[in-house]
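Both counts, for ligands and for their atoms, begin at 1 and track the order of listing. None of the values given here were measured: they were computed from a predicted structure.
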Amino acid sequence: MKEFSVAQKQRLSELNADEEMIGRSFEDVKEREKAFKLLEKELIEANKDALFALRDGSRRPIQLEIESALVRWLTEEEGFTQVVTPIMIPRDMLAKMTIGEDHPLFEQVFWVDNKKCLRPMLAPNLYDEMRSLQKIWGNPVRIFEVGPCFRKESQGARHLNEFTMLNCVELGGVKEGEQMAKLKEMAVHAMAALGIDDYELVGDDSVVYGSEQTLDVLVDGMEVASGAYGPHFLDDQWGIFDPWVGFGFGIERLAMMKKKYRNIKRVGRSLKYLNGARLNI
Ligand code: ATP
Ligand code: MG
């Protein structure tokens, strides 16, 4: 029996063939080549159809639809205000998150020069911004940001070097002792807003926030969002003293799960894919 060659498997995978198609085997090479040609042609057509459907339909890629659904939920139903902060952040901001040279995340940081890096997370900016706003608005402060984050990852099917995080935080609205219940409620509402009903909520050890204070949302065993709460040992140096709850959603992870894609690249920033469809066909 003959399987598809490595190059053929690669090509079929790029064209979004599923595991079953890629794993097919054949009596001989001649039969295999015939099947490959046919399958390739069908897949090219399917990718083209998907790109026409985008142009003639929603006109917005799935990851932006996901982002919009969460933004609508937060602004229209939960009373959160959107903020816009720098993507390039000073080294000191990371240090204030205790991300120094001995921290696992430090290795993943992209440096612009020796004082500035591309943010690996939104938390430092949001800590800073919520303290400023608390002085003006009083409690509660409900803010969120959505935008690019950067981490050096050993390229897998679930990690991008540049991805989009939506981070929301509520300061001084939740009572001490009720943070975990509040996080669970937020997770349930977010997933309902996205129309995803098959997910799990699990407590986790976060590299930044330590154990027992985080709640992850998993879809098909993959983390799509992480929640955390305070008072927390990091809060003091940011001038934050009231209880808070926050969630970081991975927009591409959610898009990938929504579409049941196996590779996150299909929904990331890309010149090869648009809305999950292959461009260079
Ligand atoms: P993982 O353990 O899966 O690498 P994490 O726990 O390090 O993720 P968090 O810091 O909790 O990630 O970030 C919040 C969310 O951002 C994650 O739940 C995930 O959905 C998303 N995310 C984190 N890193 C990446 C990445 N490299 N590519 C795409 N999405 C990511
Ligand atoms: Mg996490």
Side-chain angles (χ1 to χ4, degrees), residues 61-64 66-67 69-71 74 85 87 89 93-94 96-99 103-110 117-127 144-169 180 183-184 186-188 190-191 193-194 196 198-230 232 234 244-270 272-273 276:
I62 181 67
Q63 65 270 41
L64 295 178
I66 296 276
E67 183 181 314
L70 287 175
V71 169
L74 285 167
T85 72
I87 289 171
I89 64 171
M93 292 281 258
L94 284 191
K96 273 175 94 174
M97 292 298 290
T98 68
I99 302 173
H103 194 283
L105 243 180
F106 193 84
E107 292 291 304
Q108 293 185 269
V109 174
F110 285 98
C117 68
L118 299 176
R119 62 187 183 192
M121 51 170 57
L122 302 175
N125 289 354
L126 292 183
Y127 256 127
F144 73 95
E145 174 159 13
V146 51
C149 288
F150 302 81
R151 293 181 193 177
K152 290 181 188 165
E153 305 276 4
S154 40
Q155 306 293 341
R158 300 168 164 201
H159 289 94
L160 294 162
N161 279 336
E162 47 183 309
F163 62 99
T164 316
M165 181 116 74
L166 186 154
N167 204 165
C168 57
V169 61
M180 193 46 115
L183 277 182
K184 285 185 178 152
M186 286 172 79
V188 169
M191 297 313 271
L194 293 170
I196 300 176
D198 210 4
Y199 60 89
E200 262 180 289
L201 302 181
V202 290
D204 187 28
D205 290 1
S206 158
V207 283
V208 176
Y209 294 108
S211 57
E212 308 293 330
Q213 272 189 289
T214 63
L215 180 77
D216 282 356
V217 184
L218 269 54
V219 179
D220 252 349
M222 184 180 69
E223 180 188 318
V224 293
S226 269
Y229 68 84
H232 189 272
L234 287 177
W244 59 267
V245 289
F247 247 111
F249 296 89
I251 298 296
E252 292 87 0
R253 290 259 180 104
L254 286 163
M256 177 186 175
M257 290 333 287
K258 182 87 184 169
K259 288 288 190 179
K260 304 204 185 313
Y261 292 156
R262 279 171 295 114
N263 200 315
I264 196 165
K265 287 201 183 75
R266 289 180 67 176
V267 289
R269 290 178 179 272
S270 176
K272 294 201 174 92
Y273 290 98

### Query
Are any of the N/O atoms in Met165 less than 3.5 Å from those in ligand 1?
no
Taking all non-hydrogen atoms of both residues into account, name the closest pair between [X] and [Y] and its distance.
{"X": "Ile251", "Y": "Glu67", "result": "CD1-CA, 4.1 Å"}
{"X": "Trp244", "Y": "Ala228", "result": "CZ3-O, 3.5 Å"}
{"X": "Lys265", "Y": "Ser270", "result": "O-CB, 4.3 Å"}

### Query
Taking the six-membered ring of Phe110, is the NZ or CZ of Lys152 close enough (under 6.0 Å from the centre) and on axis enough (within 45°)?
yes
### Message
With a 4.5 Å cut-off on side-chain heavy atoms, are Leu183 and Tyr229 touching?
### Response
yes
In terms of atom number and element, which parts of ligand 1 are under 4.0 angstrom from non-hydrogen atoms of [X]?
{"X": "Ser226", "result": "11 (O), 18 (O)"}
{"X": "Leu160", "result": "26 (C), 27 (N), 28 (N), 29 (C)"}
{"X": "Ile264", "result": "29 (C)"}
{"X": "Arg151", "result": "5 (P), 7 (O), 9 (P), 10 (O), 12 (O), 13 (O), 23 (C), 24 (N)"}
{"X": "Ala225", "result": "18 (O)"}
{"X": "Val224", "result": "18 (O), 20 (O)"}
{"X": "Gly248", "result": "14 (C), 15 (C)"}

#### Entry: Nearest-option assignment for atom 8 (O) of ligand 1, heavy atoms, candidates Met121, Glu153, Glu223
Glu223
### Query
Which of the listed options, Phe163, Phe247, Phe249, holds the heavy atom that is closest to atom 31 (C) of ligand 1?
Phe163
Using atom types as modelled and distance alone, determine if a side-chain donor or acceptor of [X] lies under 3.5 Å from a backbone N or O of [Y].
{"X": "Arg151", "Y": "Pro120", "value": "yes"}
{"X": "Arg253", "Y": "Glu223", "value": "yes"}
{"X": "Lys258", "Y": "Leu194", "value": "yes"}
{"X": "Glu252", "Y": "Thr164", "value": "yes"}

### Task
Using only N, O or S atoms, tell me which atom of Glu223 is closest to the Mg ion (ligand 2).
OE2
### Query
Where's the contact between Arg253 and ligand 1, heavy-atom distance under 4.0 Å: side chain, backbone, both or neither?
side chain
### Message
Tell me whether the Mg ion (ligand 2) has Thr214 as a neighbour, meaning an N, O or S atom of it below 2.8 Å.
### Response
no
